[in-house]
Amino acid sequence: MNAPIAPAVLNAPADAAAGPSARSKAEREALKLEKRLCRQVGQAIADFNMIEEGDRVMVCLSGGKDSYGLLDILMKLQARAPVRFELVAVNLDQKQPGFPAEILPAYLQELGIEHHIETQDTYSIVKAKIPEGKTTCSLCSRLRRGILYSVARRLKCNKIALGHHRDDMLQTFFLNMFFGGKLKGMPPKLTSDNGEFIVIRPLAHVAEKDLIAWAAHRQFPIIPCNLCGSQDNLQRQVIADMLRDWQKKHPGRIESMFTALQNVVPSHLMDAGLHDFKTLKATGVPDDNGDKAFDEEPFAEPKGTPFGGVSLVSA
């Protein structure tokens, strides 16, 4: 796995003080990161058939590093992809106090991409309904989802792209396991809950650290979310800290866990809805997935190797 690139290195000043060699190194590192991001997003699109010929994709832009990175990489892939598809950037202005409403329209106008700013005062609704100190994420998410579906319908988009990355997907898996009693994650592709749209997560293979580095290099005008981001001790943050600690102590563990989400063996879990335990009978035929009794499972030391698969575009 490629080593993380410090934002300070990627964003090194290009003046005389930096020196030609420093500038050259920063440029090389930025190019490597761009290729990796394009390759990983292209791979996710190909692996899960996220984008097809003629799709009109609504890219949800919050003003955070993840959604900026998503739009940026999708635009790069759109220019060289073997299929034709449209992108529409959409931001929901939730009327949070102090929200700099002029930043995103100006940024999108400069990009020259089709875009739409939807203004809905969900902030007042959330603050009125949720007691002080309680988590606002659930209600805020439901309100946002309904509004975005409506916008996608008006804009005639058939797919909705969200900026969740690999770390988000792992965090969701552990949140559901620890607090929800379910082995359930955040899928890379799924129908919307109203059945009307396909929701895709093209950053499924992308590590958050790479999005942080890319945002610093590209100097995205980041807008913080003060509605939920200021709340302390959220369960997701606890899980995120746990995963970072594991990765620090055991490099490669994140990659191993993420790969596990793509290698499910239902016969070795306990969900009778996925595997027919009740009518199971001995067949006399050897089965590699059969029980090994008291044998210990051999585990290789995680090495953090890059993911395989077919990329939408070449690196």
Discussion item. Checking Asp93 against Phe99 for the side-chain contact (heavy atoms from CB on, under 4.5 Å) test, could you report, in this order, the C-alpha distance in whole Å, the side-chain angles of both residues, the deciding distance, and whether it holds?
Written reply: CA-CA 8 Å; Asp93 181 352; Phe99 180 79; 3.6 Å; yes
Strictly distance-based, threshold 3.5 Å: is any side-chain N or O of [X] a donor or acceptor partner for the main-chain N or O of [Y]?
X      : Y      : value
Lys159 : Met58  : no
Gln247 : Ile254 : yes
Asp210 : Ala207 : no
Asp55  : Val57  : no
Asn176 : Lys184 : yes
Glu86  : Gly54  : no
Glu53  : Arg84  : yes
Thr259 : Glu255 : yes
His165 : Asp168 : yes
Arg236 : Leu175 : no

Between [X] and [Y], is any pair of side-chain heavy atoms under 4.5 Å apart?
X      : Y      : result
Lys189 : Val199 : no
Val59  : Val88  : no
Met186 : Gln171 : no
Leu77  : Ile45  : yes
Phe173 : Met257 : no
Leu71  : Leu108 : yes
Ser192 : Ile160 : no
Leu61  : Ser67  : yes

Discussion item. Determine whether Leu87 and Gln78 satisfy the following criterion, side-chain contact (heavy atoms from CB on, under 4.5 Å), listing intermediate values before the conclusion.
Written reply: CA-CA 8 Å; Leu87 297 173; Gln78 184 187 39; 3.7 Å; yes
Nearest 0.5 Å, what's the [atom1]-[atom2] distance between [X] and [Y]?
X      : Y      : atom1 : atom2 : result
Leu92  : Ile147 : CG    : CD1   : 5.0 Å
Asp271 : Lys182 : CG    : NZ    : 11.5 Å
Asp193 : Arg142 : CG    : CZ    : 11.0 Å
Ile125 : Asp121 : CD1   : CG    : 6.5 Å
Phe48  : Leu190 : CZ    : CG    : 12.0 Å
Arg56  : Phe85  : CZ    : CZ    : 13.0 Å

Worksheet entry | No-hydrogen, no-angle side-chain donor-acceptor test under 3.5 Å, Gln237 and Asp241 |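 Side-chain D/A pair, Gln237 to Asp241: present.
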Worksheet item: Any chance the side chains of Glu118 and Gln120 put a donor and an acceptor closer than 3.5 Å?
Response: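 Side-chain D/A pair, Glu118 to Gln120: present.
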How far apart are the closest heavy atoms of [X] and [Y], and which atoms are they?
X      : Y      : answer
Ile73  : Cys38  : CG2-CA, 4.1 Å
Gly64  : Ser62  : N-OG, 3.1 Å
Ile103 : Pro221 : CG2-CB, 3.7 Å
Asp167 : Val206 : OD1-O, 4.2 Å
Cys60  : Leu162 : SG-CD2, 3.7 Å
Pro266 : Phe277 : O-CZ, 4.3 Å

Discussion item. Go through it in stages, so that I can follow the logic: the residues are Gln235 and Phe178, the test is side-chain contact (heavy atoms from CB on, under 4.5 Å), and I'd like the CA-CA distance, side-chain angles, deciding distance and then a yes or no.
Written reply: CA-CA 10 Å; Gln235 291 171 334; Phe178 290 168; over 6 Å; no
Worksheet entry | ring pair (Phe, Tyr, Trp, His ring centres under 6.0 Å) pairs, two or more places apart, involving residues 63-83 |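 Of all non-adjacent pairs touching residues 63-83, those that pass ring pair (Phe, Tyr, Trp, His ring centres under 6.0 Å) are Tyr68-Tyr107, Tyr68-Phe220.
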Discussion item. I'd like to know whether His116 forms a side-chain hydrogen bond (donor to acceptor under 3.5 Å, both in side chains) with Asn91, so could you lay out the CA-CA distance, the side-chain angles of the two residues, the decisive distance to 0.1 Å, and finally the verdict.
Written reply: CA-CA 7 Å; His116 172 77; Asn91 168 254; over 6 Å; no
Item to complete: Salt-bridge test for Arg39 and Glu34: reply yes if a basic N is under 4.0 Å from a carboxylate O, no otherwise.
Response: no
Worksheet item: Under 4.0 Å between a Lys/Arg side-chain N and an Asp/Glu carboxylate O for Glu208 and Arg166?
Response: no
Do [X] and [Y] sit in the same hydrophobic cluster, where Ile, Leu, Val, Met, Phe, Trp and Tyr count as joined when their side-chain heavy atoms come under 4.5 Å apart?
X      : Y      : value
Ile239 : Leu261 : yes
Leu280 : Met270 : no
Leu269 : Val265 : no
Leu33  : Leu211 : yes
Leu148 : Leu143 : no

Discussion item. Suppose we screen for side-chain hydrogen bond (donor to acceptor under 3.5 Å, both in side chains). Which residues come up paired with Thr119, at least two apart in sequence or across chains?
Written reply: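 Testing Thr119 for side-chain hydrogen bond (donor to acceptor under 3.5 Å, both in side chains), a comparison that skips the adjacent residues, returns none.
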Practice prompt. May I ask you to decide if the ring planes of Trp214 and His217 are parallel, tilted or perpendicular, using 30° and 60° as cut-offs?
Written response: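 Ring orientation of Trp214 relative to His217: tilted.
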Practice prompt. Could you tell me whether Glu110 atom CD has more than 12 heavy atoms of other residues or ligands within 6.0 Å of it?
Written response: no
Worksheet item: Where do Leu170 and Leu243 land on the side-chain contact (heavy atoms from CB on, under 4.5 Å) test, with the steps shown first?
Response: CA-CA 9 Å; Leu170 270 176; Leu243 293 175; 4.1 Å; yes
